[in-house]
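Below is one structure, written out as structure tokens; the observations come after it.
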Amino acid sequence: MRKKQFKAESKKLLDMMINSIYTHKEIFLRELISNASDALDKLYFKSLTDDSVSLSRSDFKIHIDIDKENRTLVISDNGIGMTAEELEKNLGTIAKSGSLNFKKENSDDKNADDISVIGQFGVGFYSSFMVADCVEVVSKAYGDDTANKWQSNGADGYTIEECEKDEAGTVITLHIKPDDENEQYSQYLEDYTIDELVKKYSDYIRYPITMEMSHQVPDPEKEGEYITEIAEETLNSMVPLWRKSKGEIKPEEYNEFYKQKFMDYSDPMHVIHTKTEGQATFDALLYIPENPPYDFYSKEYEKGLQLYSNGVMIMDKCADLLPDYFSFVKGLVDSADLSLNISREMLQHDHQLKIIAKAIDKKIKNELKKMLTNDREKYEKFFKTFGLQLKYGVYANYGMEKDALKDLIMFPSTNDDKLTTLKEYVGRMADSQDTIYYACGENAEKISLLPQMEAVRAKGYEVLYFTDEVDEFAIQMLMEYDGKHFANICKDDLDLSTDAEKEAIEKKNEASKDLLDKMKDALDGKVTAVKLSDKLGSHPVCLSAEGYVSLEMEKVLNSMPGANQGVKAQLVLEVNAEHPIVEKLKNADDEQLKKYTNLLYSSARLIAGLDLENPTQFSDSIVDLM
Ligand code: ADP
């Protein structure tokens, strides 16, 4: 029989398991039990949908056997089993090939690496090598005639050979390592340890996990003496966590369940457990993760909740249960109202499912509102992690959800260094202020340096910092909040002045009309107007936009894939009427005026965070002046 080598990635992971310093080696058991339970699920599901399988629910079980003398721990199931090819494919190559890459990118401490990979991904079957120096897997696929034995001591590959086995299913034998100074491996050969571990990690598994347990009982023959009685027991309660009543469940149980089921190594930030009766009857257990899932920002990320029909999983990721703005939510829904045999296609049109999805959406929104009111710090943390999603939600689908989401979004502002809601902003507005002001830019610091900020600040108005691309689009969709309109302080029509002030600047513009027209001509169509402004404080120039499209929106729209650079903001060059530069311009000859105007325009572009059309020319002009 030829020894086969593990694929490179698998070998790395395996080495990590064998030499692991991970302190929770005990998790190997829950990994093996969870695999066994999946295998039972698969066969059970087949029995429900395929008449040729004549097995009933009560036939399925997971059995654990301990042989202290030979130091073996055996976990068997009568599930779907594996063919020789499947043994090769599933146990010879690591399924979660992404996990090692993830590890490399995210940490440089070698030991921390191992621990986070093991904790984060569970790493499944290979975790058995943390406690065993040799592992045998005997398996027979349902409907197959032959059984096969896969065997490995980790380091130097594995073998597969045909063998005997009556029933379909899988038997995994772990040869437990000898004790060493760091680890009492023998504990995994004690029935009470195994019993404890099953109760701790696998209690809700819906199939009985049985084992022979020994108990000391009074000897019926000799009073005062005890004998050892051995009896097979079911170790788990088999009640899924979400079916238990909330009062019965400890926070650690919710967290453990989450980490195990949804492959995260941090506890969730928030747990929502709800039992709903009415139009639709269902239990839902939902989690908001502490951090975005590692592939959250990749195309591969699929949103969705696990879907169960009366305790039987019918779909792993039901996308229709979650709106996009809650795509980060993990969890499951169990409802007796759904048919087991429902196909993916039919499910999309299922009336019951739609009602459930709606109820879940509402529930999450309410929970977030509660968090915002009752635990501000937690909400801000949540918002920093997932808030972008909510802002997209305001904008998406033509603003269909904007009213439901508008009180959940937050922005940084000039008020303080915390985030503010729109409601809070409006609450702080003075009676004389009727507009919500905002400014866009890369970050709060850069925005606060914009020339336009000075005048708004002078009036004592608070300004929201829009630093996410979606912000302005979301606000445009919202149109107003509590009857207050929004205004971009970098828009040409920003109205901060009294009537008298307006009249004064109007007059100045008229008086300088010739000069301003010449300047506009000098810019050769790059701006729609050049104006004198009274909003610039001590700064000489700025660019503002006229009409619907702001500078930020132009940037965003043109950076989108497939954009044809067609969207242009209509620019207005504003020159500070009070700045000495105006005198200089007035006294310049035509040639100089052209040069100065172009310089002012270029610097205004830089201030607005826009590229220069011709940086070389800009630099040449400056050097010229010097
Ligand atoms: P995961 O369970 O996350 O896919 P594992 O490494 O634990 O990763 O297992 C790899 C694959 O081996 C499983 O996806 C499954 O197809 C198969 N497998 C493991 N244990 C069993 C079992 N007891 N019965 C049938 N198939 C199994």
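Each ligand, and each atom within it, is numbered from 1 in the order the structure gives. Keep in mind that what you see is a predicted model, and the values were worked out from it rather than measured. Only heavy atoms go into these numbers, but all of them, side chains included; no hydrogens, no water, no symmetry mates.
- Figure legend: Arg57 and Tyr207 shown as a cation-pi pair, the cationic atom lying under 6.0 angstrom from the six-membered ring centre and within 45 degrees of its axis.
- Between Tyr126 and ligand 1, no pair of N/O atoms sits closer than 3.5 Å.
- Within the structure, the side-chain hydrogen bond (donor to acceptor under 3.5 Å, both in side chains) test picks out the following pairs touching residues 128-141 (sequence neighbours left out): Glu136-His175, Ser139-Thr170.
- Contact annotation: Met82 has at least one heavy atom less than 4.0 Å from an atom of ligand 1.
- Contacts with ligand 1 closer than 4.0 Å are made by no heavy atom of Leu32, backbone or side chain.
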Can you check side chain to side chain donor-acceptor pair (under 3.5 Å) on Tyr325 and Asp361, steps first, answer last?
-> CA-CA 10 Å; Tyr325 48 84; Asp361 178 29; 3.1 Å; yes
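- Between Gly81 and ligand 1, no N or O atom pair is found at a separation short of 3.5 Å.
- Taking all heavy atoms of Leu40, Thr170, Asn90 into account, the minimum distance to atom 10 (C) of ligand 1 is reached by Asn90.
- At least one donor-acceptor pair closer than 3.5 Å links the side chain of Ser335 to the backbone N or O of Thr281.
- Between Glu232 and His63, some side-chain heavy-atom pair lies under the 4.5 Å cut-off.
- In terms of polar-atom proximity, Asn35 is counted as a contact of ligand 1, with an N or O under 3.5 Å from an N or O of the ligand.
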